[in-house]
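Residue numbering restarts at 1 for every chain, and letters A, B, ... go by the order of the sequence lines.
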There are 2 protein chains.
Amino acid sequence: MAANSQFSMAVHVLTMLARAGDDNVKSDYIAASVNTNPVVIRRILSQLNAAGLVSSQTGAFGGTRLAKPPAEISLCSIYKAVSCGEVFALHAKSPNQDCPVGRGIESVLCNLQKEIEKSVGEKLGQYSLATVIEMVSVAHA
Amino acid sequence: MAANSQFSMAVHVLTMLARAGDDNVKSDYIAASVNTNPVVIRRILSQLNAAGLVSSQTGAFGGTRLAKPPAEISLCSIYKAVSCGEVFALHAKSPNQDCPVGRGIESVLCNLQKEIEKSVGEKLGQYSLATVIEMVSVAHA
DNA sequence: CTCTTTGTAACTATACTTGTTACAGATATG
DNA sequence: CATATCTGTAACAAGTATAGTTACAAAGAG
């Protein structure tokens, strides 16, 4: 279980919240749908809260609900909210600076990485949580 | 060292090969520039060979050289050649199929994943190994 | 005060990536 | 043919990230 599935889980979590409207949803309830431990859900909700996408309430009858309407939550903002890795990683160890290629390749790859990341963000920005809800409904209709 | 840097290393390796023209390049020489073990380089070359991007020769005075001109090697083909993970992973454990969201979310995320992957491929396809070589040259000129 | 629920720390298990050693197989050269 | 060189690949060790789990402090409703 090493592949980062936080984005997938975050979309799942937010879809659950969206369907609950203004009601507080408990992490246990979401965990049952995602099929994982409530703490895993609370860890994701913690990141979504930091990004201002949800708001939580502790105590009895507490729980979490969306901080904005689903149409205003883009998949890009979800992607940025959870700590996903990059599309591809740069060199683990710095290349040999005595070699012309080793000296120049890092900055080229770094710029490319940024450009790809931007491209992914733009593509994800074309969709909102509302889109996902609609697609989920259609999928099993 | 868990982040997958094979794409970065592959681009580095191919840049080295491109600069050598039609000469065979040894894995030890490339490893010195990438600052890693020759076996790591040979593992990447093995994947690039399977993708038809390079051709290797065993034995004395053996080594590897490009199978095509740099301008015909797109970064997309390099990305596909090395076994990078996906931009985001799907659920590790299948969601609860008794929940409407759990039942529908997987296919939605899977389609989204394919679309993002396609988008990344198109962006990478805008660049070739020749572009990288030029950028590396300019970077430290 | 009591019960419920979040927030978070700490630990474990697992899996992936890289690094390393070792060796079989191929090939150029004498 | 013998030898030296280089690739290809298996096997294993080490490091690190993710997910899962337990435990508990803190907050809040009744």
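- Within the 4.0 angstrom heavy-atom criterion, no nucleotide atom of any strand lies near B/T64.
- Considering only side-chain N and O atoms, A/S46 lies under 4.0 angstrom from the phosphate OP1 or OP2 of C/dT8.
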Query raised in the report: How does protein contact run along nucleotides 22-30 of chain C, one letter per nucleotide 5' to 3', with B for base contact, S for sugar-phosphate only, - for none, heavy atoms under 4.0 Å?
Result: B--BBBS--
Can I get a per-line list of side-chain donor-acceptor pairs under 3.5 Å for residues 5-16 of chain A, giving both atom names and the distance, sequence neighbours left out?
{"residue": "A/S8", "atom": "OG", "partner": "B/A89", "partner atom": "O", "Å": "2.6"}
{"residue": "A/H12", "atom": "ND1", "partner": "B/H91", "partner atom": "NE2", "Å": "3.0"}
{"residue": "A/H12", "atom": "NE2", "partner": "A/S33", "partner atom": "OG", "Å": "2.8"}
{"residue": "A/T15", "atom": "OG1", "partner": "A/V11", "partner atom": "O", "Å": "2.7"}

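- Here the C1' atom of nucleotide D/dC6 and the CG atom of B/N49 are 15 Å apart, to the nearest Å.
- The strand DNA chain D forms stems, runs of 3 or more Watson-Crick or G-U wobble pairs with distances below 3.5 Å, at C:1-30 with D:1-30.
- Atom CG of A/N37 is separated from atom C1' of D/dT22 by 9 Å (rounded to the nearest Å).
- Computed from coordinates, the B/N35 CG to C/dT18 P distance equals 14 Å when rounded to whole Å.
- At least one donor-acceptor pair closer than 3.5 Å links the side chain of A/N96 to the backbone N or O of B/A32.
- When the nucleotides C/dT18, D/dG20, C/dT8 are ranked by their closest atom to the side chain of B/N4, C/dT18 comes out on top.
- Contact check for B/I105 versus A/V132: side-chain heavy atoms found under the 4.5 Å cut-off.
- Applying the side-chain hydrogen bond (donor to acceptor under 3.5 Å, both in side chains) test to pairs two or more places apart or on separate chains, those with a residue in residues 37-46 of chain A are A/S27-A/R42.
- Within residues 26-34 of chain B, the residues that place at least one heavy atom under 4.0 Å from DNA chain D are, in residue-number order, B/K26, B/S27.
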Would you tabulate the side-chain donor-acceptor contacts of residues 66-76 of chain A under 3.5 Å, counting partners in other chains and residues two or more places apart, or write 'none'?
{"residue": "A/S74", "atom": "OG", "partner": "A/C76", "partner atom": "N", "Å": "3.4"}
{"residue": "A/S74", "atom": "OG", "partner": "A/S77", "partner atom": "N", "Å": "3.1"}

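- Using a 4.0 Å cut-off, some side-chain N or O of B/S5 falls inside it from OP1 or OP2 of C/dT18.
- In this structure, A/S56 reaches the C/dG7 phosphate: one of its side-chain N or O atoms is under 4.0 Å from OP1 or OP2.
- For the pair B/I41 CD1 and D/dC6 P, the interatomic distance rounds to 16 Å; values are reported in whole Å.
- Contact of the A/L112 side chain with the A/V108 side chain is not registered, since no non-hydrogen atoms from C-beta on lie closer than 4.5 Å.
- A/Q6 has a side-chain polar atom (N or O) that falls below the 4.0 Å cut-off from OP1 or OP2 of D/dA19.
- Straight-line distance from the CZ atom of A/R65 to the C1' atom of C/dT6: 13 Å, rounded to whole Å.
- Taking atom CG of B/L48 as the reference point, atom P of D/dT7 lies 14 Å away to the nearest angstrom.
- Nucleotide D/dT18 holds its P atom 16 Å from the CZ atom of B/F88, rounded to whole Å.
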